[in-house]
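First the proteins, then the strands, lettered A, B, ... as listed; each starts at 1.
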4 protein chains.
Amino acid sequence: MSNKPWSGRFGDATDRRVEQFTESISFDHRLFKQDIMGSKAHARMLAKVGFLTADECQQIERGLTEIQAEYEAGRFEFVLSREDVHMHIEAALVERLGDVGRKLHTARSRNDQVATDVKLWTREALARVEAGVRELQRAFVQAGRRHAGVIVPGYTHLQRAQPVLAAHVFLAYVEKLERDRSRVVDCARRLNLLPLGSAALAGTSLPIDREFVAAELGFDGITANSLDASSDRDFVLEAVFALTLIAEHLAGWAEEWILWMTQEFGFLALPDALCTGSSIMPQKKNPDVLELIRGRSARVIGALTNLLVLVKGLPLAYNRDLQEDKRALFDAFDTVEASLALAAVVVDGAELRRDRIASRIEEGFLDATTLMEALIRLGIPQRTAHEIIGKLVGQCERKGLGRLSELDDADFQAVHPALGPELRSVLGVKNAVQAFASAGSTNPTRVEGELTKWERRLKPHGPTNI
Amino acid sequence: MSNKPWSGRFGDATDRRVEQFTESISFDHRLFKQDIMGSKAHARMLAKVGFLTADECQQIERGLTEIQAEYEAGRFEFVLSREDVHMHIEAALVERLGDVGRKLHTARSRNDQVATDVKLWTREALARVEAGVRELQRAFVQAGRRHAGVIVPGYTHLQRAQPVLAAHVFLAYVEKLERDRSRVVDCARRLNLLPLGSAALAGTSLPIDREFVAAELGFDGITANSLDASSDRDFVLEAVFALTLIAEHLAGWAEEWILWMTQEFGFLALPDALCTGSSIMPQKKNPDVLELIRGRSARVIGALTNLLVLVKGLPLAYNRDLQEDKRALFDAFDTVEASLALAAVVVDGAELRRDRIASRIEEGFLDATTLMEALIRLGIPQRTAHEIIGKLVGQCERKGLGRLSELDDADFQAVHPALGPELRSVLGVKNAVQAFASAGSTNPTRVEGELTKWERRLKPHGPTNI
Amino acid sequence: MSNKPWSGRFGDATDRRVEQFTESISFDHRLFKQDIMGSKAHARMLAKVGFLTADECQQIERGLTEIQAEYEAGRFEFVLSREDVHMHIEAALVERLGDVGRKLHTARSRNDQVATDVKLWTREALARVEAGVRELQRAFVQAGRRHAGVIVPGYTHLQRAQPVLAAHVFLAYVEKLERDRSRVVDCARRLNLLPLGSAALAGTSLPIDREFVAAELGFDGITANSLDASSDRDFVLEAVFALTLIAEHLAGWAEEWILWMTQEFGFLALPDALCTGSSIMPQKKNPDVLELIRGRSARVIGALTNLLVLVKGLPLAYNRDLQEDKRALFDAFDTVEASLALAAVVVDGAELRRDRIASRIEEGFLDATTLMEALIRLGIPQRTAHEIIGKLVGQCERKGLGRLSELDDADFQAVHPALGPELRSVLGVKNAVQAFASAGSTNPTRVEGELTKWERRLKPHGPTNI
Amino acid sequence: MSNKPWSGRFGDATDRRVEQFTESISFDHRLFKQDIMGSKAHARMLAKVGFLTADECQQIERGLTEIQAEYEAGRFEFVLSREDVHMHIEAALVERLGDVGRKLHTARSRNDQVATDVKLWTREALARVEAGVRELQRAFVQAGRRHAGVIVPGYTHLQRAQPVLAAHVFLAYVEKLERDRSRVVDCARRLNLLPLGSAALAGTSLPIDREFVAAELGFDGITANSLDASSDRDFVLEAVFALTLIAEHLAGWAEEWILWMTQEFGFLALPDALCTGSSIMPQKKNPDVLELIRGRSARVIGALTNLLVLVKGLPLAYNRDLQEDKRALFDAFDTVEASLALAAVVVDGAELRRDRIASRIEEGFLDATTLMEALIRLGIPQRTAHEIIGKLVGQCERKGLGRLSELDDADFQAVHPALGPELRSVLGVKNAVQAFASAGSTNPTRVEGELTKWERRLKPHGPTNI
């Protein structure tokens with residue numbers, strides 16, 4: 001007798017090449033735990049409504065527990081012809097229990113079963129990601145504390161623009177990660193409705209209790225439409241999109257730090273233990289981890305594209321194409337979880353090279369805008385003040401001077417009479433940073449406040465948010 | 001004098017080819033209203049904190065109102081060398097007001113200005129999409145009412161599976177759209193923090209009141225970090241992702257209805273006014289609107305990819321690459337708004353071809369699963385019951401019979417003694433549909449309940465959710 | 001001593017987490033054979049120009065042969081800290097040969113080494129794909145022969161349009177696949193320049209002979225610029241793009257045959273051995289292989305996107321991001337090679353259901369265009385003829401008639417006097433198909449000619465094209 | 001009477017919203033010239049085979065010439081209800097010529113007509129791109145000449161690696177662009193088969209002469225299968241993929257030059273006329289053109305994704321989804337053509353800052369590898385030599401020395417006895433660059449040879465290659 005769950009009406013055995021092409025056990029075995037969890041809850045419900053006796057239910061639960069133990073011990077045997085994780089577990093159960101095992105699939109289909117398993121898996125994975133995001137936020141906040149007072153150039157268009165506190169830079173990533181966290185939480189909330197009991201596509205004629213199963217499995221409720229439930233992969237796409245934005249944020253940060261690690265910028269030192277060398281160039285010390293974090297953002301975007309193309313144009317309800325969702329899903333989570341973890345390691349290990357930064361920090365007229373704002377305080381319209389400072393910078397360049405403060409008072413007056421000597425008090429990056437005042441700015445007191453705020457929020461024993 | 005806002009330090013005028021290559025006015029003019037709204041709020045704030053007199057502020061507000069009127073009347077003149085919408089409006093203001101106009105750009109940069117404008121635009125656009133989604137939900141619910149009692153085949157793998165009510169099919173889309181709506185609402189909530197006042201990247205030394213501006217513009221608060229605020233495009237990507245899932249849902253539905261419109265399925269008729277013909281084949285009546293809705297999902301996915309690639313690997317803070325975000329954003333909204341609107345028109349105009357559907361509804365053994373469940377009720381394990389019915393179907397095929405009910409009692413008994421004549425009461429699609437019982441199933445009473453629930457929820461005067 | 005090739009200047013050992021994050025041996029071991037092939041050629045060149053003695057070269061070649069044998073026998077040991085396939089092989093060589101092994105890396109870097117390995121791998125893989133494409137073309141041509149004379153509806157907009165020979169449909173895919181083959185060949189030709197000898201990025205000061213190595217490895221020549229060679233991944237992207245179009249063609253074909261397999265179309269039967277069933281619905285027979293072929297096109301598109309994002313914005317020359325190219329490359333080839341193979345199996349096993357097709361082939365006015373062309377032959381302008389036939393079809397619909405031939409002569413005359421009874425000779429799908437005349441049309445003689453042409457071209461012993 | 005070509009059988013006029021949703025004239029008007037060109041050739045063929053008299057053909061050709069003149073003069077009137085460019089032109093012709101105009105659509109359909117138009121358009125556009133690529137190659141070669149002898153750091157992992165000639169860097173892009181050119185040529189060759197005459201999907205019963213039309217329109221032959229021809233969009237995807245790789249190459253180059261423009265690198269100066277400033281920071285000079293070239297690569301990748309998703313899973317033959325191909329196609333060409341043109345402008349205007357580069361060129365131990373190779377020449381195995389130089393670099397770092405040449409002879413000897421004073425002759429970047437020897441390396445004589453080779457190849461009057 002065939003071990004296929006559907007061999008009743010089939011004349012011929014499945015072609016071996018077809019088995020190989022259609023199997024999913026090589027990747028969906030990662031749903032093992034979730035499948036067993038779901039089956040146990042399903043069995044308890046079947047007992048509650050009378051399709052299993054209490055004893056049968058106990059046999060099934062015990063059998064499933066044993067099967068899981070085998071799996072975890074690496075002793076569970078996988079067979080290509082059993083197609084997927086669901087059939088492997090059920091077949092193992094039937095081997096143990098005979099007819100009792102054959103009752104487990106009552107009022108369910110692999111369609112709603114796999115939807116449930118994947119939801120359970122994704123819910124757990126989102127919680128891990130949420131923790132990983134928090135851990136990286138913590139690392140950035142600590143790096144901000146560790147580098148108190150360090151001023152670095154802020155850039156727009158990768159041109160030096162205005163001076164900012166290093167901690168302000170780090171906090172920018174904390175903000176981005178916080179939005180990521182918030183998306184992860186929203187996704188976990190939205191997915192948390194149980195599809196099980198939708199059966200193949202239309203529900204079942206058997207009097208099951210879906211709310212009971214939902215409660216057993218920690219769902220907030222049940223899905224409302226069986227056709228929707230068996231075809232829905234929104235939660236997979238939304239989860240991977242949330243991961244994609246995390247990967248994008250990590251890639252942008254990695255790019256910045258790769259720049260900071262260059263000979264030319266020279267802002268950042270990483271410990272040898274976090275770098276690698278070259279097989280040919282003896283002097284090299286490469287930021288490989290950062291490059292791989294940047295590069296692997298592509299992998300996550302590729303997974304999202306895979307999923308977006310996969311579901312495009314599929315009619316209701318389940319289509320076998322959907323089997324492929326898991327590979328992209330697992331891949332995106334594996335990639336982002338690893339990148340988050342290594343990012344925190346890198347941030348924890350990073351040291352800004354204060355002397356190198358300081359030695360060139362006055363290059364690039366980073367105080368020009370602050371000087372312009374000093375003119376505005378004197379009543380000069382912004383556009384006019386902008387032009388005045390523009391001319392002042394032009395003067396410096398013509399004279400080969402690297403700083404506004406190197407111009408003398410006469411140079412100032414020659415450009416505009418309002419440029420009096422008292423305005424020199426905002427020149428230099430230290431003064432300029434101090435001058436910042438607005439909410440959200442790099443003003444040292446405000447940045448200090450932000451660090452404190454985040455330290456409080458990220459306390460390890462704070463409530464979990466997912 | 002150049003009309004560039006930054007010509008102070010520049011020796012040469014901008015190359016004409018560069019102006020053409022870098023301009024954004026050809027598309028960012030769509031931010032005209034938002035830019036003026038933001039500038040008015042900014043001016044009021046500047047007056048509040050003392051950088052403008054009350055009179056100056058009034059002049060500016062009046063000037064901006066006039067400029068908007070010119071734009072809306074199509075009389076506003078666009079000039080390539082003025083680059084973008086921000087410079088166009090400000091230059092027009094300076095032309096009118098001279099030095100007073102030159103004060104408006106105090107304590108802001110185009111970087112935070114455009115972030116604010118795009119947030120305002122996106123917020124409005126999301127509200128339009130939310131309304132469009134509700135309208136389409138309403139159309140599906142009404143179509144469900146209009147086709148009360150119509151049974152169609154439900155499919156998995158595009159093979160006939162079990163019978164379902166047409167209304168149950170329509171409600172599946174209502175559920176999908178409801179998740180879409182929920183994502184739209186989440187996105188609108190998450191974006192609703194004001195970036196204005198972050199200035200170029202680091203904030204400003206001027207004592208501005210960002211909370212005031214936020215309140216004026218209906219934001220829930222202000223962004224907390226200036227570097228983050230001037231580089232953040234999460235809200236653009238998240239909005240376009242929400243649109244992408246809408247487009248996917250529409251594409252799946254369009255695919256289904258394109259199938260239903262074929263000669264072979266023959267389930268659906270659309271009015272001539274919603275179809276088009278062929279320039280060569282006189283008999284053709286094509287579902288072009290559905291095909292374009294399906295096809296344009298690709299456009300939205302393309303826009304999302306564009307954005308995902310655009311921001312990949314950009315260091316802090318603003319980079320000119322970001323200028324390109326708007327084209328993809330506008331394009332995605334235009335596409336999805338139009339598709340939603342036409343989808344509702346199509347659903348409203350659609351009529352199921354009841355006779356054609358009924359004439360073949362018994363094909364495909366749609367009642368087989370219900371019969372299997374009847375066996376389960378008799379205590380036969382599911383796997384065994386599955387095999388029994390599989391054999392029954394095999395019998396039909398060997399005998400060339402199209403329905404289980406065409407087998408006689410002896411055939412039933414030959415396969416399994418439990419297959420008694422009393423089980424015939426669940427045969428036929430009408431009986432099978434009636435037999436469904438589970439929550440979320442296609443059971444007629446449950447479907448009726450769902451229709452009523454949605455009619456209540458979608459009442460036109462219900463509270464807006466965004 | 002560390003087993004890193006670059007540990008000379010490093011103080012600390014690599015962090016274990018970093019080793020795990022940066023390793024590539026888990027996937028680049030697939031380059032084992034190519035790496036050894038390249039190293040042998042490199043060693044022979046080093047001997048030729050005097051950096052190795054003949055004996056040293058023999059030792060190295062022998063050592064590499066033994067190492068490959070170990071790998072193929074599954075006895076080669078992988079160690080995480082050895083990073084990649086290159087270091088594994090070299091370290092194993094040094095273990096055997098000591099200083100002689102330490103000479104192998106002369107005048108090369110892992111940067112040019114991996115570029116060479118990947119080119120060798122891709123060249124082989126493209127040849128396999130080319131063979132797979134030919135095999136599938138052969139299957140389509142044979143299916144055309146097998147179904148000689150079978151007429152199926154041709155569709156536009158998925159509406160029945162004109163009658164076509166089934167063989168004509170199959171030959172359409174042969175044409176698409178032929179373009180695929182042509183792209184594969186172009187890609188293989190373009191990649192076939194040796195990068196080895198570019199060293200890390202700038203070439204080498206040692207007097208190597210790159211042309212010799214190129215000849216040894218079957219390359220058509222050498223790359224002309226070392227910076228380009230060590231950063232170039234065009235061939236990876238181009239190969240995956242060629243695969244993407246194959247996947248698209250397979251997905252379109254799979255969609256068509258999934259439709260043909262439905263109860264509603266009923267055109268196609270596949271053997272049980274190529275289908276699978278349902279775990280809940282006993283009557284199901286699902287075209288899973290076709291669905292997975294369709295679905296996996298998304299995987300290939302995802303791999304292409306991955307690669308396109310990966311290389312975006314990378315400055316010269318090698319960046320570690322590029323390590324990730326291999327996973328996407330391998331994945332795309334694995335997917336498409338398997339899909340091509342299974343597609344040929346499916347085509348070989350497919351049987352058109354001639355009776356079912358014939359029973360409904362006259363539906364949909366498939367002969368309308370041919371009748372219109374008959375009017376054109378009589379001198380009636382096309383647009384007028386189009387309108388006339390349009391009215392004729394309208395008449396049928398009003399009268400509830402399914403075929404033009406069911407209208408009587410009076411009906412014809414009523415619409416237009418030119419519609420004389422002699423025009424009836426083109427009515428009916430058989431006559432219509434016979435009437436086709438143009439090159440490339442479904443005319444039976446032309447289709448027969450095409451089948452013969454392809455049979456000749458695809459002869460198994462024909463010259464390989466790559 | 002409706003102006004729809006297919007109104008014969010339709011009862012109701014098209015819904016206005018549907019007209020707006022389905023129109024393509026707003027973008028396919030760009031095919032105006034090609035549509036007329038194709039129609040003239042088609043008319044001449046119809047005359048040749050007897051469906052038009054010589055006089056009718058002349059009328060049609062003259063009418064089409066007038067219509068094109070109207071279009072080019074901006075006097076042609078577009079009407080939404082005429083859907084697309086094909087109907088606009090034909091309707092204008094019928095207005096002029098009556099029944100003669102009504103004959104033009106004989107033996108063709110919009111399906112093969114649009115395929116032909118798009119092929120003609122793409123062929124021209126590819127030729128423009130090919131010219132644009134050559135122009136940019138020329139600019140890079142000239143920049144190489146202009147900066148003869150300038151040495152810059154070569155990078156891997158964005159860490160300084162070895163010294164290279166600036167011209168060698170520029171030539172790397174010439175190589176990449178040459179592969180692009182080659183792909184463009186391949187694509188143009190592969191597309192150059194005429195689809196016209198495939199009619200709607202199955203060919204025609206009229207005795208047309210497709211080879212004649214192909215010759216008239218400069219095609220190399222005709223497509224062999226009508227179903228394939230009317231559904232094929234391979235050439236659109238392949239063209240856009242070729243553009244995508246161009247965009248990728250430009251993005252990588254732009255990234256590099258954005259880095260070179262930073263304060264930190266300081267390698268590159270662009271004229272003011274090619275830069276833009278800041279509305280708030282008076283000192284800024286931003287490389288906007290480079291940023292936009294980089295950013296717009298995303299637009300091209302987005303267009304490719306759009307197309308890949310668009311065609312996914314479409315059954316034969318024409319589906320209305322395909323209408324959308326043109327927007328993505330036009331967009332990709334517009335973007336890449338503009339980027340290529342501006343890239344050449346930027347390269348022509350760029351000046352390397354020789355003093356700034358020279359002042360820091362000895363940083364980063366760029367000569368370390370050359371010194372290692374000198375040891376190899378002495379017979380020391382590469383791996384050992386690598387370790388020796390690694391230690392030497394370690395010595396420098398411990399002593400705070402920036403160059404190997406600052407170590408004294410005793411330091412050298414202390415690390416390894418082979419490190420004699422004669423090896424100092426390869427130290428320093430000038431010596432190191434001179435030392436390079438291998439084909440494709442940065443050796444000055446070889447680079448000079450490459451420049452000369454390319455100057456010859458890119459001669460303006462050389463044969464066009466497409």
>> Please find the pair of heavy atoms, one from B:K176 and one from A:S231, that lie closest to each other, and give the distance.
In response: NZ-OG, 2.8 Å

>> A:S109: which residues meet the side chain to side chain contact (heavy atoms under 4.5 Å, CB included) condition with it, sequence neighbours left out?
In response: A:N111, A:D112, A:A200, C:S279, C:I280

>> Please classify the contact of B:I301 with chain A as side chain, backbone, both or neither, using a heavy-atom distance under 4.5 Å.
In response: side chain

> Rounded to the nearest 0.5 Å, how far does NE2 of B:H386 lie from OG1 of A:T106?
Replying inline: 12.0 Å

> Under a 4.5 Å heavy-atom cut-off, does chain B meet the side chain of A:V169, its backbone, both or neither?
Replying inline: both

>> Quick check: closest heavy atoms across B:F241 and A:L304, and the distance to 0.1 Å?
In response: CE1-CD1, 4.3 Å

>> Counting only non-hydrogen atoms closer than 4.5 Å, does B:L158 touch chain A with its backbone (N, CA, C, O), its side chain (CB onward), both, or neither?
In response: both

>> Does any backbone or side-chain atom of B:R446 lie under 4.5 Å from a heavy atom of chain A? Answer side chain, backbone, both or neither.
In response: neither

> For B:G203 and A:S441, which heavy atoms make the closest approach, and how far apart are they?
Replying inline: CA-CB, 3.7 Å

> With a 4.5 angstrom heavy-atom cut-off, which part of B:R189 approaches chain A: side chain, backbone, both or neither?
Replying inline: side chain

> Which answer fits A:L245, side chain, backbone, both or neither, if we ask what part of it has an atom under 4.5 Å from a heavy atom of chain B?
Replying inline: side chain

> Donor-acceptor pair, B:E373 side chain versus A:S205 backbone, under 3.5 Å?
Replying inline: yes

> Are any non-hydrogen side-chain atoms of A:Y155 and B:L316 less than 4.5 angstrom apart?
Replying inline: no

> Does any heavy atom of chain B fall under 4.5 Å from the side chain of A:T244, the backbone, both, or neither of them?
Replying inline: side chain

> Looking at B:T442, B:V94, B:D232, which has the largest count of heavy-atom pairs under 4.5 Å with chain A?
Replying inline: B:D232

> If you count heavy-atom pairs under 4.5 Å with chain A, which of B:E248, B:H249, B:Q162, B:E256 comes out on top?
Replying inline: B:E248

>> Please classify the contact of A:A317 with chain B as side chain, backbone, both or neither, using a heavy-atom distance under 4.5 Å.
In response: both

>> Assess whether a salt bridge exists between B:R183 and A:D186, defined as any Lys/Arg side-chain N lying under 4.0 Å from an Asp/Glu carboxylate O.
In response: no

> Which residue out of B:H157, B:H105, B:K453 racks up the most heavy-atom pairs below 4.5 Å with chain A?
Replying inline: B:H105

>> Can you tell me which of A:L308, A:L392, A:L314, A:T369 forms the most heavy-atom pairs within a distance under 4.5 Å of chain B?
In response: A:L308

>> Any side-chain to backbone donor/acceptor pair from A:S438 onto B:T204? Under 3.5 Å, distance only.
In response: yes

> Going by heavy atoms in the side chains, are B:R179 and A:E238 under 4.5 Å from each other?
Replying inline: no

>> Tell me which of these, B:I380, B:V311, B:I208, has more heavy-atom pairs under 4.5 Å with chain A than the rest.
In response: B:V311

> Between B:H168 and A:S226, is any pair of side-chain heavy atoms under 4.5 Å apart?
Replying inline: yes

> Are A:I376 and B:K103 side-chain neighbours, meaning at least one heavy-atom pair lies under 4.5 Å?
Replying inline: no

>> Restricting to non-hydrogen atoms, name the atom on A:E255 and the atom on B:P315 that form the minimum distance, rounded to 0.1 Å.
In response: CG-CD, 3.9 Å

> For chain B, which of A:S297, A:S182, A:A432 has the most heavy-atom pairs under 4.5 Å?
Replying inline: A:S182

> Which bit of A:L206 comes within less than 4.5 Å of chain B, counting heavy atoms only: side chain, backbone, both or neither?
Replying inline: both

> Tell me, side chain or backbone of A:F51 under 4.5 Å from chain B's heavy atoms, or both, or neither?
Replying inline: side chain

>> Just so I understand: if I count every heavy-atom pair under 4.5 Å between each of B:K312, B:R294, B:Q395 and chain A, which residue has the most?
In response: B:K312

>> Shorter than 4.5 Å, heavy atoms on both sides: which option in A:V309, A:V164, A:T370, A:L237 has the most such pairs with chain B?
In response: A:L237

> Is the closest basic N to carboxylate O distance between A:D99 and B:R383 below 4.0 Å?
Replying inline: no

> Pick from A:A224, A:C187, A:G197, A:A298: which one has the most heavy-atom pairs with chain B under 4.5 Å?
Replying inline: A:A224

>> Need one label for B:Y173: side chain, backbone, both or neither, based on atoms under 4.5 Å from any heavy atom in chain A.
In response: side chain

> Which region of B:L259, side chain (C-beta onward) or backbone (N, CA, C, O), has a non-hydrogen atom less than 4.5 Å from a non-hydrogen atom of chain A, or is it both or neither?
Replying inline: side chain

> Which heavy atom in B:A161 sits nearest to a heavy atom in A:L201, and how many Å separate them?
Replying inline: CB-CD2, 3.7 Å

> Just by distance, do the side chain of B:R102 and the backbone of A:Q382 share a donor-acceptor pair under 3.5 Å?
Replying inline: no

> Atom CG of B:N225 and atom CD of A:E178: how far apart are they, to the nearest 0.5 Å?
Replying inline: 12.5 Å

> For chain A, which of B:Q434, B:R320, B:E450, B:R377 has the most heavy-atom pairs under 4.5 Å?
Replying inline: B:R377

